[in-house]
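Just so it is clear, the values below take in all heavy atoms, side chains as well, and ignore hydrogens, waters and symmetry mates.
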Amino acid sequence: MILLETLRLALRALLRNGTRSFLTMLGVIIGVAAVIAMVAIGEGARQRVAETFASMGSNLLVVMHGTSQVSGSRGGSGTQPTLTWEDLAAIRTELPSVKLASVQARAGATVASDTQNWTTSVFGVDPGYFEIRAWSMRYGRVFTPSEADSGAKVVVLGQTVVDKLFEGSDVVGSTVRIRNMPFEVVGVLARKGQSPTGQDYDDTAMIPINTYNSRMAGGLRRYIPGVIFVSATSEEATARAERDIRNLLRDRHRLGPGVEDDFHLRNMAEVAQAQQEGTETMTALLAAVALVALLVGGIGIMNIMLVSVTERTREIGIRMAVGARPGHILWQFLVEALTLSSLGGALGVGLGIYVANRLSAQFGWPLMLRGDVMAVALGFSGLVGVVFGMYPARKASRMDPIEALRWE
Amino acid sequence: MDAPPPVVELRDVARVYQMGDTAVHALRGVTLQVTAGELVAVMGTSGSGKSTLMNLVGCLDRPSSGSCLVDGQDVGKLSRGARAQLRGRTVGFVFQNFHLLPRTSALENVELPLVYQGVARRERVRRSAEALTRVGLGDRLHHRSNEMSGGQMQRVAIARALVTRPRLLLADEPTGNLDSRTSTEIMALLQEVHAGGITVVLVTHSPEIAAHAQRVLRMHDGCVVEDRRQQMAPAGVAA
Ligand SMILES: Nc1ncnc2c1ncn2[C@@H]1O[C@H](COP(=O)(O)OP(=O)(O)OP(=O)(O)O)[C@@H](O)[C@H]1O
Ligand SMILES: [Mg+2]
């Protein structure tokens, strides 16, 4: 029997029980849609992470305070202050592999315009910080070295803070109050968006570190009140800069051989890599869950096909009596299951694209639809149809014609 | 002159149904031949094995022992697929309760055997329409099976059995569900089929129907107890 004939027959049988066929397909539809949406979202997230770290610079190193160790239990990174202002100065001046180094101290504070106020993270930084973080200005400028040295009350605002406090966005020259002290806005940062973890980079206000020390931290202390961001002279020099900084600090802190570092040194390229791998694992996991949904859909198809075979026992008997071979019957029911599952797969691809579209718009992620994943999902749903349709179809083809004809 | 080769030849055929511990002997050593061109009526009490015999001859079943040759081929030795093929090409079936596909037009029901023989669609429709016209349903091609009377359904079934141009037409109580007037019409149709050169074997409980046959087999408890040849009553006349 020609394939076209069988396909016509299958479509007619499926249309005869339209609602039932649709409900059966629903399992596959949801499974395929889930696979496509999950992979698209995961891919979008991965892309986002990659972009973020690329914009951050691959030559970025972060130095943090050590870990306090109280009777064997370790605290978090940076809980035991060990980095001094002299350490920072030494990193900056003594190492040829280091291009720039800046402190980054952070405090929560309320920032107010004449009409609004907003609680944000205020960062105390050196002028070089903006270059280290590859952060460009939208309006205005960064602090001048003399402003930085003198501890002038100047601030560079992130776009989110500007949006919260002002009507327009060109606010250079206006005054904001940070912890009730007036600061002149000298610049507005270009928008950076969200971090992969959903934190808003633009919800920030940057002031010179000297200003921070005197106005926010209550005076200069021995240890720096945050972390040190370092950019190496080039991407290739990053590993060397990492080594140089470690040796320098160990030397300065007088750590003998065999003694653990009393500070933490993080290479952001490695962090980016870890993040990437994290999202990839997540995507794989979600896709696996979606595949399980697809399998469950397949079981639904098998179930309905078994019911269908039983219901149509007499029809099978009649077909055999007029000369249908077992192969014909097998083929008929297999094509029916295959039609169900691939139709479900096709609808699922449509639904998946729609969902991925909506979600990526929601999260502001790039839409990453992968053709190969769609092809695999479609192929897999077809395979599900064949695998789960095989048992009912075999059952139908092995019926005894006489008994099938006698079926009530 | 040599006798024409038999269309059907049964040699000591037994068919035993195993029902748990008990064995039901539906056929006990039946030996008979049906020659091409015969019109045979099979009679006998209920449960005597008539349908069992028809199923064997129609290649729907296999004998428990003995051999059953249809068109020279030993049914018991054929695979399921080969039996289906022999059945499709050589035998046409007509059943007591018609066995048409539900919610399907007369034309498509008649097309069905041709579908499985791989006949192209256009050719199928032509031959099916022709067969339906021959049984007097030329104006009912697109009626669905549930929109027809019993007599019409049986005509569709006969058209379906004939559309493959089989050598042998088997009818198991074809008039069992019909009133006497319709039965006479159907019987006349079968006689016409027979006159067209097709061997016909039909099961009936009605002596009036059997009177139209050339040969009457009487069965009892799985055995053929009488094999009588007679003068055929003319077609279309209720005896
Ligand atoms: N599938 C089966 N399983 C067990 N026993 C069966 C089966 N089919 C038929 N039989 C038995 O075989 C015997 C012959 O049955 P068969 O159907 O051939 O009788 P019949 O002559 O056609 O009767 P009727 O005139 O009522 O149609 C009966 O005793 C019946 O119970
Ligand atoms: Mg019977």
Can you tell me how far [atom2] of [Y] sits from [atom1] of [X], rounded to the nearest 0.5 angstrom?
X      : Y      : atom1 : atom2 : result
A:I318 : B:L112 : CD1   : CG    : 8.5 Å
B:L101 : A:R319 : CG    : CZ    : 5.0 Å
A:E5   : B:E111 : CD    : CD    : 7.5 Å

Are more than 12 heavy atoms, taken from residues, nucleotides or ligands other than [X], located less than 6.0 Å from that residue's [atom1] atom?
X      : atom1 : answer
A:R16  : CZ    : yes
B:R28  : CZ    : yes
A:Y354 : OH    : no
A:R8   : CZ    : yes
B:H205 : NE2   : yes
B:E123 : CD    : yes
A:R398 : CZ    : no

Can you give me the closest heavy-atom contact between [X] and [Y], atom names plus distance?
X      : Y      : result
B:G81  : A:P326 : CA-CD, 4.0 Å
A:I402 : B:L60  : CD1-O, 3.7 Å
B:H99  : A:R314 : CE1-NH1, 3.2 Å
B:Y116 : A:R325 : O-NH2, 4.4 Å
B:R87  : A:G323 : NE-N, 4.5 Å

With a 4.5 angstrom heavy-atom cut-off, is it the side chain or the backbone of B:L86 that approaches chain A, or both, or neither?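 B:L86 has no heavy atom closer than 4.5 Å to chain A.
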Need one label for B:E108: side chain, backbone, both or neither, based on atoms under 4.5 Å from any heavy atom in chain A. side chain
Verify side-chain contact (heavy atoms from CB on, under 4.5 Å) between A:R12 and B:R103, making sure each step is shown before the conclusion. CA-CA 11 Å; A:R12 204 174 337 155; B:R103 298 179 296 260; over 6 Å; no
Can you say whether A:R312 sits under 4.5 Å from chain B via the side chain, the backbone, both, or neither, judging by heavy atoms?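 Neither part; nothing is under 4.5 Å.
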In chain order, what residues pass the salt bridge (charged side-chain N to carboxylate O under 4.0 Å, His left out) check against A:E403, with sequence neighbours excluded?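 A:E403 satisfies salt bridge (charged side-chain N to carboxylate O under 4.0 Å, His left out) with no other residue.
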